[in-house]
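By convention in this document, chain letters (A, B, ...) are assigned in the order of the sequence lines, proteins followed by strands, and residues within each chain are numbered from 1. Values below: every heavy atom of this structure, side chains too, minus hydrogens, waters and symmetry copies. Note that the coordinates shown come from a computational prediction; the quantities given were computed from them, not determined experimentally.
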Amino acid sequence: MKKIIRGKVFKYGDDVNTDVIFPGKYTYTVKDPKEMAKYALENLDPDFAQKVERGDVIVAGKNFGCGSSREQAATCLVSAGVGAIVAISFSRIFYRNTINQGLPAIVLPELVRVVQGGEKIEIDLDAHRITLRDSNFDFPPFPQFVMGILRDGGLLPHIRRRYV
Amino acid sequence: MSQTFAQKALAKKVGRKEVTPGEILTLSPDRVLSHDNSADISEKFSSLGAEKVWDREKIVIVLDHCVPAADSRYATNHTIIRDFVKSQGITNFYDINWGICHQVFSEEGFALPGSLILGADSHTTTYGAFGAFSAGIGRSEMAGIWATGQIWLRVPESIRINIEGSFPPGVYSKDVILYIIGDLRADGALYQSVEFAGEAVRKMGISERMVLCNMAAEMGAKNGVVESDDKTENWLKGKAKGGYEPIYADPDARYARVLSYNISDLNPQVACPHTVDNVRSVEEVEGKSLNQVLIGTCTNGRIDDLQIATRILRGKRVADETRLLVFPASWKIYKEALKRGVIEVLVESGALIMNPGCGPCLGAHEGALAPGEVCLSTANRNFRGRMGCKEAEVYLASPATAAASAVEGRITDPRRFRPQNLTEKSN
Ligand code: SF4
């Protein structure tokens, strides 16, 4: 995980669910994360996979990632290059999945309100600060435990390092 | 300190008297469930360098999401799982001839009061109907549990939902939970533990309580739970895999919210495209033409659901322009339905009886929709693309509304047919 994330913003609304992030029809057949990236947000923003660049940030409304427990909804975004997601709130299992995939999911309603989409954004995870159009926004630091998983690049590498 | 169900259930797992909402605990579940995603989980497990699973008795695997395999990729997926199960000596394995994971897990007596159950499926919340603390997790986490037996969980805040009154004819637990989700919205219980209580819940059978807890996931809840009682005891007799110890919330526990609903005047409810919380009274959407009606899934594919449907379908025909697909939730239910003559009534009405499994619920398989088509389903989710096509529309309702709508070929208030009271139901 990079500590500084730099990119442009993709803005979406409330209740973006896992069926639009990564459709159910691919969940047992598409296994390669690179291929998963091609279907990222297919049912919400069909051009997303073409437009997204490494380090770009998704900014969305409330309950991002609601629906199925499918982890590929997080994997496909990581693989597509998404550096972080900022939302008003996240669905619980999706939140866990992002952390477990090493993708920072940040709850920061103040930022969501002022973002339009397309602008440049920078996130410093250690300083827990987001910079947007010369304004700074602070977010609460991740619990130590979660930061440990993020730092190791996700749960599996984290377990590999520590437990097994 | 007085504690909620969630606090007590999690405290017990870490050997403490009490825990506080917000705390992060590392603990070991009593049982874990996975389905067709076990192939991917097994690959993640192997990538950890682990050789043997932490406890082969505690792992339950049910093949249900795409059974029988739709094509050779799905078939290969199943093969990977069978090989893994064999090499690990996992005994609680249920191949494609059992049914939907949540139904099979319950029927086989793994869902026990007071136990901690985690599943790599968002509707793992279902086992709250038996007084268990059960929640969904992701695949990597499941691989981590298989390897280490451990996971981190945050102690949730709790919401108490009291459901009072009695069921009017034609209104079922599906209508109640749809109404509540419409009221609280899709994030109304985010991260929280939902305790369903009250007179109406006590009167519900196990199958109806399963509907409530299954759909708690659709308001963002971590888990949903109904306190176990003598109905639970009776249901578990001869089924329970091992002993158990029920857990009850303290009467003066602290809740983030306490809500009350009286259902005595409730109408049948319908969730409209494309979100589960887009809920209307059936009168508001009556008349919408339907290409397909689906009765089944882990929400409403049990024997009582099929019986409710037959009360409406007996001696009637499914409308010409409409397809009715019925998926009993398990083979046990299928056999029971055969015995009770339910299958015959359904077949005579023109319904297609499909093999137990998830079927078209997640759009991976048989019964998918074409662009522009409209389906009314007894499932729990209607997101865009859910049934395999993003230009299709999915409405959600009870089995009674589904059956009435199949006869008319359009969304129909089941009370136009012979109204049936819930008390006639057998579980
Ligand atoms: S029936 Fe539908 S909701 Fe239930 S487990 Fe299967 S895919 Fe999931």
Engineer: How many angstroms lie between CG in B:Leu153 and CZ in A:Arg96, if you round to the nearest 0.5 Å?
Structural biologist: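 Going from the CG atom of B:Leu153 to the CZ atom of A:Arg96 covers 5.0 Å.
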
Engineer: Do you know which of A:Leu155, A:Asn17, A:Val20 has the most heavy-atom pairs with chain B at a distance under 4.5 angstrom?
Structural biologist: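 So the answer, after comparing A:Leu155, A:Asn17, A:Val20, is A:Asn17.
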
Engineer: Nearest 0.5 Å, what's the CG-CZ distance between B:Leu48 and A:Arg161?
Structural biologist: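 Here the rounded value is 14.0 Å.
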
Engineer: Please classify the contact between A:Ile88 and chain B as side chain, backbone, both or neither, with a heavy-atom cut-off of under 4.5 Å.
Structural biologist: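 Neither; nothing under 4.5 Å.
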
Engineer: Run through B:Arg386, B:Met387, B:Arg384 and flag the one making a side-chain contact (heavy atoms from CB on, under 4.5 Å) with A:Asp19.
Structural biologist: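 Only match with A:Asp19 under side-chain contact (heavy atoms from CB on, under 4.5 Å): B:Arg386.
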
Engineer: Give every residue pair that meets the ring pair (Phe, Tyr, Trp, His ring centres under 6.0 Å) criterion with at least one member in residues 50-71 of chain A, sequence neighbours excluded.
Structural biologist: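 Qualifying pairs, neighbours excluded: A:Phe64-A:Phe94.
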
Engineer: Closest approach of A:Asn43 and B:Gly385, non-hydrogen atoms and distance?
Structural biologist: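 The answer is ND2-CA, 3.9 Å.
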
Engineer: So which heavy atom on B:Gly138 is nearest to which on A:Ile93, and how close?
Structural biologist: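 That closest heavy-atom pairing would be N-CG2, 4.2 Å.
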
Engineer: Calculate, to the nearest 0.5 Å, the distance between atoms CG and CZ belonging to B:Leu190 and A:Phe90 respectively.
Structural biologist: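 It comes to 10.5 Å.
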
Engineer: Should we say atom NZ of A:Lys51 is surrounded by more than 12 heavy atoms from elsewhere, each under 6.0 Å from it?
Structural biologist: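 Yes.
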
Engineer: Could you go step by step and tell me if B:Glu43 and A:Lys31 meet the side chain to side chain contact (heavy atoms under 4.5 Å, CB included) rule?
Structural biologist: CA-CA 11 Å; B:Glu43 283 159 15; A:Lys31 289 185 167 177; 3.9 Å; yes

Engineer: Do B:Asn37 and A:Thr27 touch side chain to side chain, with heavy atoms closer than 4.5 Å?
Structural biologist: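 No, every pair of side-chain atoms sits at 4.5 Å or beyond.
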
Engineer: Non-hydrogen atoms of chain A under 4.5 Å away: do they reach the side chain of B:Asp36, the backbone, both or neither?
Structural biologist: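 Looking at B:Asp36, backbone and side chain both touch chain A.
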
Engineer: Of all the heavy-atom pairs spanning A:Ser68 and B:Ser122, show the shortest one and how long it is.
Structural biologist: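 Closest heavy-atom pair between A:Ser68 and B:Ser122: CA-OG, 3.7 Å.
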
Engineer: Does any heavy atom of chain A fall under 4.5 Å from the side chain of B:Leu362, the backbone, both, or neither of them?
Structural biologist: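 Both parts, heavy atoms under 4.5 Å.
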
Engineer: Is the backbone of A:Ser91 close enough, under 3.5 Å, to the side chain of B:Tyr191 for a donor and an acceptor to pair up by distance?
Structural biologist: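 No, the answer is negative, given that no donor and acceptor are paired below the 3.5 Å cut-off.
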
Engineer: Output yes when a side-chain donor or acceptor of B:Asn77 lies under 3.5 Å from a complementary backbone atom of A:Thr29, and no otherwise.
Structural biologist: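 Side chain of B:Asn77 to backbone of A:Thr29: no pair is present.
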
Engineer: Could you look at B:Ala143 and say if it's the side chain, the backbone, both or neither that has a heavy atom under 4.5 Å from chain A?
Structural biologist: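 Just its side chain gets close to chain A.
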
Engineer: Looking at A:Asn100, is its backbone amide N or carbonyl O close enough to the side chain of B:Glu141 to form a donor-acceptor pair, meaning the two atoms are under 3.5 Å apart?
Structural biologist: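 Not confirmed, B:Glu141 side chain does not pair with A:Asn100 backbone.
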
Engineer: Checking heavy atoms, do the side chain of B:His123, its backbone, both or neither come under 4.5 Å from chain A?
Structural biologist: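 For B:His123, there is no contact with chain A at all, as no heavy atom is under 4.5 Å.
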
Engineer: Hey, which of A:Pro157, A:Cys66, A:Gly67 has the most heavy atom pairs under 4.5 Å with chain B?
Structural biologist: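 That would be A:Gly67.
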
Engineer: Just checking B:Glu51: does its CD atom have more than 12 heavy atoms from other residues, nucleotides or ligands closer to it than 6.0 angstrom?
Structural biologist: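 No, CD of B:Glu51 has 12 or fewer neighbouring heavy atoms, counting only those of other groups under 6.0 Å.
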
Engineer: Side chains of B:His365 and A:Lys25, heavy atoms from C-beta outward: is any pair under 4.5 Å?
Structural biologist: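 Side chain of B:His365 against side chain of A:Lys25, heavy atoms only: no contact under 4.5 Å found.
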
Engineer: Contact part of B:His78 toward chain A, heavy-atom cut-off under 4.5 Å: side chain, backbone, both or neither?
Structural biologist: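 No part of B:His78 comes within 4.5 Å of chain A.
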
Engineer: Which answer fits B:Ile41, side chain, backbone, both or neither, if we ask what part of it has an atom under 4.5 Å from a heavy atom of chain A?
Structural biologist: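 No part of B:Ile41 comes within 4.5 Å of chain A.
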
Engineer: Evaluate the criterion side chain to side chain contact (heavy atoms under 4.5 Å, CB included) for residue pair A:Leu156 and B:Lys44; output intermediate values, then yes/no.
Structural biologist: CA-CA 8 Å; A:Leu156 294 181; B:Lys44 291 191 157 74; 3.7 Å; yes

Engineer: Shortest non-hydrogen contact from A:Gly24 to B:Ala364?
Structural biologist: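 Distance-wise, the nearest heavy atoms are O-CB, 4.4 Å.
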
Engineer: Looking only at heavy atoms and a cut-off of under 4.5 Å, which of B:Thr275, B:Asp187, B:Val276 has the most pairs with chain A?
Structural biologist: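 Option with the greatest count: B:Asp187.
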
Engineer: Can you see which heavy atom on B:Ser140 is nearest to which on A:Gln101, and at what distance?
Structural biologist: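 That would be OG-NE2, 3.5 Å.
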
Engineer: Can you name the nearest heavy-atom pair linking B:Ala186 to A:Asp15, along with the distance?
Structural biologist: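 Looking at all heavy atoms of both residues, the shortest contact is CB-OD1, 3.9 Å.
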
Engineer: If only atom types and distance count, is the side chain of A:Arg160 paired as donor or acceptor with the main-chain N or O of B:Ser47 below 3.5 Å?
Structural biologist: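 Flag set: sc A:Arg160 to bb B:Ser47 pair under 3.5 Å.
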
Engineer: Can you tell me how far CZ of B:Arg154 sits from CZ of A:Phe145, rounded to the nearest 0.5 angstrom?
Structural biologist: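 It comes to 14.0 Å.
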
Engineer: Name the region of B:Arg381, side chain, backbone, both or neither, that has any atom closer than 4.5 Å to a heavy atom of chain A.
Structural biologist: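 For B:Arg381, side-chain heavy atoms alone lie under 4.5 Å from chain A.
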
